[in-house]
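Notes to accompany the following structure.
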Amino acid sequence: MELSFQTVMSQVMLGLNNGVFYAILSLGLAVIFGLLNIVNFAHGALYMLGAYVALLGFTSLGPLIGMPDFHLNYWAALIVAPLVVGAVGIVIEKTMLSRLYKFDHLYGLLLTFGLALIIQGVFTNFFNVSGDPYEAKPEILNGAVNLGFMMFPKYRLWVICISLVVCFATWFVIERTKLGSFLRAGTENPELVKAFGVNVPLMITLTYGYGVALAAFAGVLAAPIYSVSPVMGSEMIITVFAVVVIGGMGSIMGSIVTGLLLGMVEGFTKVVYAPASSTVIFLIMVVVLLVKPAGLFGRES
Amino acid sequence: MNRILWIVLFALGLAAPFIVYPVFMMKLLCFALFASAFNLLLGYTGLLSFGHAAFFGGASYVTGHLVKVSGLTPELGVLGGTLFAALLGYLFGSLAIRRQGIYFAMVTLALAQIVYFIALKAPFTGGEDGLQGIPRGNLFGMIDLGQTYAIGGNPVALNLYYFVFVLFCLGFWIIYRTINSPFGQVLKAIRENEPRAVSLGYKVERFKLMAFVISAALAGMAGSMKSLVFQLASLTDVSWHTSGEVVLMTLLGGVGTVLGPLVGAFTVVTLQSELSSVGSWITVIIGVTFVVCVLLFRRGFVGELGRLLKRSL
């Protein structure tokens, strides 16, 4: 294949499009890990759940509540799905995760792994594994825009922009506001923060809720691009784990940047040597482990 | 450990093909060895690998290939699979021990995913179909493992069963010896308090790697056995589902107990065969078992029993 500027750029842009999903998901994992010290294996499943909330809201919610003409539109889904999934997350944290903090952190991983199996299993039983199309993409996001060097689908451009906004807003809140300073303090020393009268358990619950709401938001964004399927999350989560290992979960900005970069590298690999594109992130992980074991943005513990 | 218990278990293993459905029994032995090998790492060294399917499944492909395509005898096939898993374990182990705790789990999961992609794409693995119709062949070129004998009116591959049983005993004995050796004591010290083990002058990394290689090799041996029993090496064997399953077996039976993985494997394999009619709901059931186990009895069956009896099992 000829390596023209156009081919490379278009794949890199498409890669960036995947990269924003990696960024949002690894950001969510990092936020949760920071305060709860657990790796949320259910993250992929909740991302999938977000996509299904959008899909079912559009196709099945109306008939279900006796208003066959009602369809939850895309914009509403972008708000509703994170709220629904965030609520699910809060229930998970309150009823299950909160019982495990005093034990080894690995139990959190195992619990959320079990939850991922349950959520994925339930959806596999009711929906087609090969996926259903989400047809509520708004009119205004149809078509393509000319970026100068290539024509790029408008919807994908929108996904990149809005994801970056959400990522950087999250970074801003955590690193630059008073609320965020509580959060960071809670990460460093929860006991001390508690002593200052901050309701740390509530903060933990809401953090988990927010983290998984981010996953659901990514799920809704993904719905019009990829088909909505029960396995979309499990495929994603393992790659995101590798992203997180590469970046290290210690830094919010680190996880965003790593996600974006790796998406682009993956896109670039598609042009150079396509068969390696599905493994390139894992191979980079191997190299990073050899060269800088703590991860690019990680701190040595 | 109680000598009588071992003798009873051994006798049960010898008599099993005359009592229960032998394919079930062989599947159980494969997974029991797999879980025991995994437990050496999680239970006795404190390392949670989420990628053990790579060794189990990888070895089953290698054995399948050696026996089917290269025409080797089954014992050489198993040996090849086990060596492959040991080598892979050395590679993965060297990388994964560079990170601790939760990262270790993620690294092993991601590394195993590379193996999964290779198995999916490579020309010699049969892709989505896997390697089918792997011959059982002649042990040492003499004993036909495919030979069946009529027991109670059903054809039973007795030769194969006893081959699998012997391999299981060998693997289990290696694990048992490892745990109860000075080497195993050091592993436990690392599990309990790694910095202290370091300060006592142990090269912790080397011990961890060694445990990882032994665990990977024996997980591979279990996978090799499986490919002869089912005459199939498939993508399922290398997928993260299988890695998760072995974690569940160990957790359910009792992490860090000798008998736990056997009990856990028995429970999960029984669940799977009894509930095969519910189809994909099995994933949900396994998930629920995971959650219940983590929330309510983290010691597992054997661990809880040991606590009641106030002794280690």
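Owing to the predicted nature of the structure, the values given are computational and were not obtained by experimental measurement. Any value given below was found using the heavy atoms of this structure, including those in side chains, with hydrogens, waters and symmetry copies removed.
- The parts of B:R98 that come within reach of chain A are both its backbone and its side chain, each placing non-hydrogen atoms under 4.5 angstrom from that chain.
- Counting only distance, with no hydrogens or angles, the side chain of B:T108 and the backbone of B:F50 share a donor-acceptor pair below 3.5 Å.
- Using a 4.5 Å cut-off between heavy atoms, A:L109 contacts chain B through its side chain alone, with no backbone atom that close.
- Considering only heavy-atom pairs separated by less than 4.5 Å from chain B, the leading option among A:I281, A:L283, A:V122 is A:V122.
- Note: B:V107 leads B:V292, B:L248, B:V107 in heavy-atom pairs under 4.5 Å with chain A.
- For A:F282, the parts lying near chain B are the backbone and the side chain together; criterion is any non-hydrogen pair under 4.5 Å.
- Heavy atoms of B:L251 lying under 4.5 Å from chain A belong exclusively to its side chain.
- Between chain B and the residues A:I119, A:T279, A:L115, A:V245, the most heavy-atom pairs under 4.5 angstrom are made by A:V245.
- With 3.5 Å as the limit, one finds a donor-acceptor pair spanning the side chains of A:E93 and A:T205.
- With a 4.5 Å cut-off on non-hydrogen atoms, B:V288 touches chain A through its backbone and its side chain both.
- Using cut-offs of 30° and 60° on the angle between ring planes, the pair A:F127 and A:Y52 is tilted.
- Contact of A:L289 with chain B is made through backbone and side chain together, with heavy-atom distances under 4.5 Å.
- In this structure a side-chain-to-backbone donor-acceptor pair under 3.5 Å is present from B:R191 to B:G43.
- Counting only N and O atoms by type, the side chains of A:H43 and A:T112 include no donor and acceptor under 3.5 Å apart.
- The aromatic rings of B:F31 and B:F34 lie tilted to each other, with the angle between the two planes from 30° to 60°.
- Side chains of A:Y226 and A:N18: a donor-acceptor N/O pair is present below 3.5 angstrom, by distance only.
- In this structure, chain B has a heavy atom under 4.5 Å from the side chain of A:M285, while its backbone stays farther away.
- Proximity to chain B is limited to the side chain of A:F126, based on heavy atoms less than 4.5 angstrom apart.
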